[in-house]
Colleague: 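I have a structure I would like to understand better, so I am pasting it below and will then ask my questions one at a time.
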There are 2 protein chains.
Amino acid sequence: MAIATPKTRRGETSRAAILGAALDLFQERGYEATTMRAIADRAGVSLGSSYHYFPSKEHLVLEFYRHTHELHLAAIAPLLGREKDLAVRLRGTIRAVVVTCEPFHAVAGSIFSTVANPASPLNPFGGAAKPLRDEVVALYDEVVRGSDARIASDISEMLPLTLWLYQMAILYFWIFDRSPGRLRTLEVIDETTDLIVKLLGLANLPVLRGSRKRLLGLIKSVVAST
Amino acid sequence: MAIATPKTRRGETSRAAILGAALDLFQERGYEATTMRAIADRAGVSLGSSYHYFPSKEHLVLEFYRHTHELHLAAIAPLLGREKDLAVRLRGTIRAVVVTCEPFHAVAGSIFSTVANPASPLNPFGGAAKPLRDEVVALYDEVVRGSDARIASDISEMLPLTLWLYQMAILYFWIFDRSPGRLRTLEVIDETTDLIVKLLGLANLPVLRGSRKRLLGLIKSVVAST
DNA sequence: CGTTTAATTTGAACATGTTCAAGTCAGAGC
DNA sequence: GCTCTGACTTGAACATGTTCAAATTAAACG
């Protein structure tokens, strides 16, 4: 149960070996097909040792997430540094998500469901995964802020979190996508990012003022409860 | 693995006992805390017998769903028979969902995650759960069709399925809702149903024509892949 | 009623996530 | 270098979902 941080060099080695073995095996065989015994075996430690550093198999997935998040950040850094158009930034960012996750496509389904479980410590709506979620939301904040789009403050306040939700939805679609090269997901991304930016532009129309205000208030109140 | 239909009177008794025990225990203790051994015990059969009628523990949940769906249908029948206003019909229907599910609130989390798993036979996007999903979509079709709202055919074509998705989202919010009497969920329902109906009215605005067409095309293409 | 066939039931056996008490080891303090 | 403390490791044990071959029972048939 206790989340032990390694205090000695030997401990660090063990923890790293366990994590490395887990990441490899999740990728090779998927989450469910990877047994804790297999992880311990490959890491060269005993079964019990894994539980000294990771309270559960699910917690190993959290590290898996962090890993892909790092890859994602590295993949889009050049784009975010150079491009100013919001649609292009957003499209590139979301495309990079699915491209980065592509090697884990077969695994993603079981992982997603683990994460969707509100009882799981990995649930992104407040749990052990919150720090990582905040990082992703911060990324979308940068996607928006770094663009030359002028967005009203009431919208831009809620936009990063909404885009994070949007990313989750795309990932869920991607999980089901069996098309070659996952082309359908890429099409949906192109279409939706474009649509989102268009709608952001339309949000200033007087007729939509009322609905916009209510929608934002709704999102804010929903988020407040997490 | 084989889904056996009872062929004898004794078989029917056993199947009913197992299902009844499972529904009771899921409600009493939740999904995960209910063991197959406990179900078999309460049903008065052996462990192996349960697997003769239900291929897995998850399949028992499917019956649980069907059960709540029947309750829901019964609860809203009077409203749908009398009321013509779309906003009222929709609000009443969704309210009835959460009210019907209220006794299972503590259980709902673990069940939801089981269902969200794309690898699960219970996943509503095409699997053993598809017939039930179709029934729910048909219900929303009736909610819309039975109202006096005039909705363009391109929208009404996709609306029932979209409302089903909306119901899923509300349920996910409800799962997290810790407010007394689940009042927050009811507030969100009131606000969202109202907003949905308003937006349906705005969809005819010329400025929104383009986005509307694209959005509907998108939904249709996404749904086509299930 | 006796026989035969198929449905039903059984419980042992297996795989796997998790726990835990006991053992082993590294390093700090002297 | 010795000792002691706490970090680390271990593997047996447990709980539980699932499988399966064998046993038992119901029903159909003559």
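Reckoned from all heavy atoms, side chains included, excluding hydrogens, waters and symmetry mates. Chain letters run A, B, ... following the sequence lines, proteins first and then strands; every chain starts at 1.
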Colleague: May I ask you to check if A:K57 and A:F26 form a cation-pi contact, with NZ or CZ under 6.0 angstrom from the six-membered ring centre and within 45° of the axis?
Modeller: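 Judged by the rule, A:K57 and A:F26 form no cation-pi pair.
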Colleague: Does A:T8 make a side-chain N or O approach to OP1 or OP2 of C:dC25 shorter than 4.0 Å?
Modeller: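 False: A:T8 side-chain N/O out of range (4.0 Å or more) of C:dC25 OP1/OP2.
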Colleague: Apply salt bridge (Lys or Arg N to Asp or Glu O under 4.0 Å) to B:K7 and B:E12, showing your working.
Modeller: CA-CA 7 Å; B:K7 301 281 199 293; B:E12 277 167 35; over 6 Å; no
Colleague: CD1/B:I219 to OG1/B:T162 distance, rounded to the nearest 0.5 angstrom?
Modeller: 4.0 Å
Colleague: Should the pair B:R95-B:D190 be classified as a salt bridge under the 4.0 Å nitrogen-to-oxygen rule?
Modeller: yes
Colleague: Look at the side chain of B:R37 and decide which nucleotide, out of D:dT9, D:dA7, D:dG17, has an atom nearest to it.
Modeller: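 Nearest to the side chain of B:R37 among the choices is D:dG17.
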Colleague: Please report, rounded to the nearest Å, how far the C1' atom of C:dA28 is from the CZ atom of A:R9.
Modeller: 14 Å
Colleague: Would a distance-only check, ignoring hydrogens and angles, find a side-chain to backbone donor-acceptor pair under 3.5 Å from B:R89 to B:L80?
Modeller: yes
Colleague: Expressed in angstrom and rounded to an integer, what is the separation of A:E32 atom CD from D:dG17 atom C1'?
Modeller: 13 Å
Colleague: Base, sugar-phosphate, or nothing: which does B:T13 touch, judged by heavy atoms less than 4.0 Å apart?
Modeller: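 B:T13: no heavy atom of the nucleic acid under 4.0 Å.
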Colleague: Which residues in residues 39-48 of chain A have at least one heavy atom lying under 4.0 Å from any atom of DNA chain D?
Modeller: A:V45, A:S46, A:G48
Colleague: Select base, sugar-phosphate, or nothing to describe what A:S49 touches, counting heavy atoms under 4.0 Å on all strands.
Modeller: base
Colleague: Please state how far atom NZ in A:K57 lies from atom P in C:dA15, giving the value in whole angstrom units.
Modeller: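 Going from NZ in A:K57 over to P in C:dA15 covers 15 Å.
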Colleague: Let's see if you can work this out: which of D:dT9, C:dG17, D:dT16 has an atom nearest to the side-chain heavy atoms of A:Y51?
Modeller: C:dG17
Colleague: With sugar-phosphate meaning primed atoms plus P, OP1 and OP2, does A:S50 contact a base, only sugar-phosphate, or nothing at under 4.0 Å between heavy atoms?
Modeller: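 Answer is nothing: A:S50 stays at 4.0 Å or more from every strand.
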Colleague: Under the salt bridge (Lys or Arg N to Asp or Glu O under 4.0 Å) rule, what do A:E28 and A:R42 come out as? Steps first, then yes or no, please.
Modeller: CA-CA 13 Å; A:E28 278 175 34; A:R42 181 170 297 199; 2.9 Å; yes
Colleague: Consider the side chain of A:T35, meaning its heavy atoms from C-beta on, and name the nucleotide among C:dT8, C:dG17, D:dC8 that approaches it most closely.
Modeller: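 Of C:dT8, C:dG17, D:dC8, C:dG17 is nearest to the side chain of A:T35.
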Colleague: Tell me: CZ of A:R10 to C1' of D:dA7, nearest whole Å?
Modeller: 9 Å
Colleague: Indicate whether any N or O donor in one side chain lies under 3.5 Å from an N or O acceptor in the other, for A:S56 and A:H59.
Modeller: yes
Colleague: In whole angstrom, what separates B:L60's CG from D:dG17's P?
Modeller: 11 Å
Colleague: Could you tell me whether the phosphate oxygens of D:dT9, OP1 or OP2, come under 4.0 Å of any side-chain nitrogen or oxygen in A:H52?
Modeller: no
Colleague: What is the separation between atom NZ on B:K7 and atom C1' on C:dT8, rounded to the nearest whole Å?
Modeller: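 Taking NZ of B:K7 and C1' of C:dT8, I get 11 Å after rounding.
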Colleague: If you check every side-chain atom of B:S56, which of D:dT18, C:dT10, C:dT18 has the closest atom?
Modeller: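 Nearest nucleotide to the side chain: D:dT18.
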Colleague: On DNA chain D, nearest-nucleotide positions of B:A33 versus A:E12: which is more 5'?
Modeller: A:E12
Colleague: In whole angstrom, what separates B:Y53's OH from D:dT19's P?
Modeller: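 My rounded result for the distance is 17 Å.
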Colleague: Using the ring pair (Phe, Tyr, Trp, His ring centres under 6.0 Å) rule, pick out the option among B:F173, B:Y172, B:W174 that qualifies with B:F176.
Modeller: B:Y172
Colleague: Give the nucleotide from the list C:dA7, C:dT18, D:dT18 with an atom nearest to the side chain of A:M36.
Modeller: C:dT18
Colleague: Send over the distance from A:F54 CZ to C:dT19 C1', rounded to a whole Å.
Modeller: 18 Å
